[in-house]
Amino acid sequence: MLNKKQKYLQIALNSTLEEAKSIINQLPVDERIIIEVGTPLIKKYGIQAIKTIKSRWTSKVSLSSKNFYPYVVADLKTMDRGATEVEIAYSGGADAAIALGTAPIETLNIFVEKCRELKIDSMIDMMNIDFSLEVLRNLKNLPDVVILHRGVDEEQFNPESEIPYHEIHRIKENYDILVSVAGGDTIQEVQRAIFNDADIVIVWKNFYESSSEIAKLTQEFLNEIK
């Protein structure tokens, strides 16, 4: 459902449902925005987190004068029970689900298959994987999106760790799929991701808590998504 000719800003919401609703209320209505229901929210509130955020973003878009589909991702970080977890995301109204690339290949295969069956996008997060192509080459079917990800703990406790921007070109040279980048939340890192041909840039730090700067910050990020 994503447009391969479009660049996107994916805003990950990870705090509480009240914070998430407040943040969504302040976001500009822009078709380049993807809302992510973060793993902490799903673990804390279950499927209700997906339903609530999908409903709030849908209402926000529908009340505006703009006409586009309100896209929401459920970051399940699936490691097992691929089909079951896709069904959970789907029943909550998610338009995409995320599995971890470190999951067994059998899990990833059924995850992608079930996403196709239910007509939602499959995303595979390659956090802690050095060579994403090795995972992709072993799959029966490709996911819709590959996520190149420097984890939060990795960034905090290993300052020398880097986002694997170089993997973007390797993937795109071999496959016609979208590539997302997570782990950088500054304007400079967003610029670098786009410069290296990322299709989606994921941010979260500035969107953990609601603030009067949300709208301004979002627009600044969107100005770099070209």
Side-chain angles (χ1 to χ4, degrees), residues 1-4 6-15 19-20 23-24 26-28 30-43 49-50 53-54 57 70-78 89 94-102 115 120-129 132 135 143-156 161-168 171-172 177-209 214 217-226:
M1 287 187 288
L2 295 174
N3 183 354
K4 288 187 176 181
Q6 178 69 65
K7 302 288 186 180
Y8 295 94
L9 177 70
Q10 184 165 318
I11 297 174
L13 303 175
N14 290 299
S15 181
E19 289 286 353
I23 289 167
I24 289 172
Q26 298 176 68
L27 292 178
D30 194 302
E31 64 182 348
R32 295 171 295 167
I33 293 177
I34 293 171
I35 302 296
E36 176 189 316
V37 189
T39 311
L41 273 179
I42 295 174
K43 288 189 173 183
I50 306 171
I53 289 174
K54 175 68 174 185
W57 184 227
Y71 193 97
V72 170
V73 177
D75 187 7
L76 301 169
K77 288 189 170 64
T78 297
D95 304 290
I98 300 176
L100 289 174
T102 48
C115 282
I120 68 173
D121 288 332
S122 55
M123 301 183 173
I124 296 183
D125 187 334
M126 299 295 183
M127 181 167 53
N128 206 35
I129 291 177
S132 302
V135 176
D144 297 289
V145 180
V146 170
I147 304 171
L148 302 177
H149 191 177
R150 176 181 61 189
V152 177
D153 293 338
E154 181 183 6
E155 179 185 2
Q156 180 179 354
S161 66
E162 296 183 355
I163 299 171
Y165 296 110
H166 60 280
E167 284 284 286
I168 298 174
I171 293 168
K172 291 195 170 189
I177 56 177
L178 297 177
V179 178
S180 177
V181 169
D185 285 83
T186 66
I187 289 292
Q188 291 74 21
E189 287 168 320
V190 170
Q191 289 172 334
R192 189 174 177 189
I194 294 298
F195 177 79
N196 281 283
D197 203 25
D199 301 291
I200 303 168
V201 182
I202 303 174
V203 294
W204 74 274
K205 286 182 183 177
N206 295 304
F207 302 92
Y208 189 75
E209 295 179 344
I214 289 293
L217 284 168
T218 305
Q219 194 57 55
E220 288 176 356
F221 283 128
L222 286 171
N223 290 341
E224 305 300 329
I225 307 294
K226 301 173 183 176

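Predicted model, so just to flag it, every value in this text is computed and none were measured.
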| Between Tyr8 and Asn3, which heavy-atom pair has the shortest distance, and what is it? | OH-N, 2.9 Å
| Side chains of Ile171 and Leu148 in contact at under 4.5 Å (non-hydrogen atoms) | yes
| query | Atom CG of Leu100 and atom CG of Asp75: how far apart are they, to the nearest 0.5 Å? | reply | 7.5 Å
| remark: Those residues at least two apart in sequence (or on a different chain) that pass salt bridge (Lys or Arg N to Asp or Glu O under 4.0 Å) with Lys43 are none
| request: Look up atom CD1 in Ile50 and atom CD1 in Ile42, then write down how far apart they are to the nearest 0.5 Å. | output: 4.5 Å
| remark: What one should report as the nearest heavy-atom pair of Ser15 and Leu41 is O-CD2, 3.5 Å
| remark: With Ile35 as partner, the option from Val73, Asp95, Leu27 fulfilling side-chain contact (heavy atoms from CB on, under 4.5 Å) is Leu27
| message | When you compare the side chain of Phe207 with that of Gln26, does any pair of heavy atoms fall below 4.5 Å? | response | no
| Can you name the one residue among Thr102, Val146, Val179 that meets side-chain contact (heavy atoms from CB on, under 4.5 Å) with Met126? | Val146
| Euclidean distance, Gln10 CD relative to Phe221 CZ, rounded to 0.5 Å | 13.5 Å
| At their closest point, which heavy atom of Glu36 faces which heavy atom of Ile202, and how far apart are they? | OE1-CG2, 3.8 Å
| task | Search all heavy atoms of Met123 against all heavy atoms of Ala96 and return the closest pair with its distance. | result | CE-CB, 3.8 Å
| Taking every non-hydrogen atom, the tightest pair across Ile177 and Lys172 | O-CE, 4.2 Å
| field | Euclidean distance, Ile225 CD1 relative to Gln191 CD, rounded to 0.5 Å | value | 10.0 Å
| query | Distance from Asp125 atom CG to Thr39 atom OG1, nearest 0.5 Å? | reply | 8.5 Å
| said: Which heavy atom of Ala94 sits nearest to which heavy atom of Ile120, and what is that distance? | reply: O-CG2, 3.6 Å
| Taking it one step at a time, do Glu19 and Leu13 satisfy side-chain contact (heavy atoms from CB on, under 4.5 Å)? | CA-CA 8 Å; Glu19 289 286 353; Leu13 303 175; over 6 Å; no
| query | Should Lys7 and Asp199 be marked as a side-chain contact (heavy atoms from CB on, under 4.5 Å) after you check the CA-CA gap, both sets of side-chain angles, and the distance that decides it? | reply | CA-CA 5 Å; Lys7 302 288 186 180; Asp199 301 291; 3.9 Å; yes
| field | Spacing of Ser180 atom OG and Ile124 atom CD1 [to the nearest 0.5 Å] | value | 13.0 Å
| field | Asn128 atom CG, over 12 foreign heavy atoms within 6.0 Å | value | no
| message | Evaluate Asp121 against Val145 for side-chain contact (heavy atoms from CB on, under 4.5 Å), listing each step before the verdict. | response | CA-CA 8 Å; Asp121 288 332; Val145 180; 5.5 Å; no
| Student check: side-chain heavy atoms of Leu2 and Ile34 closer than 4.5 Å | yes
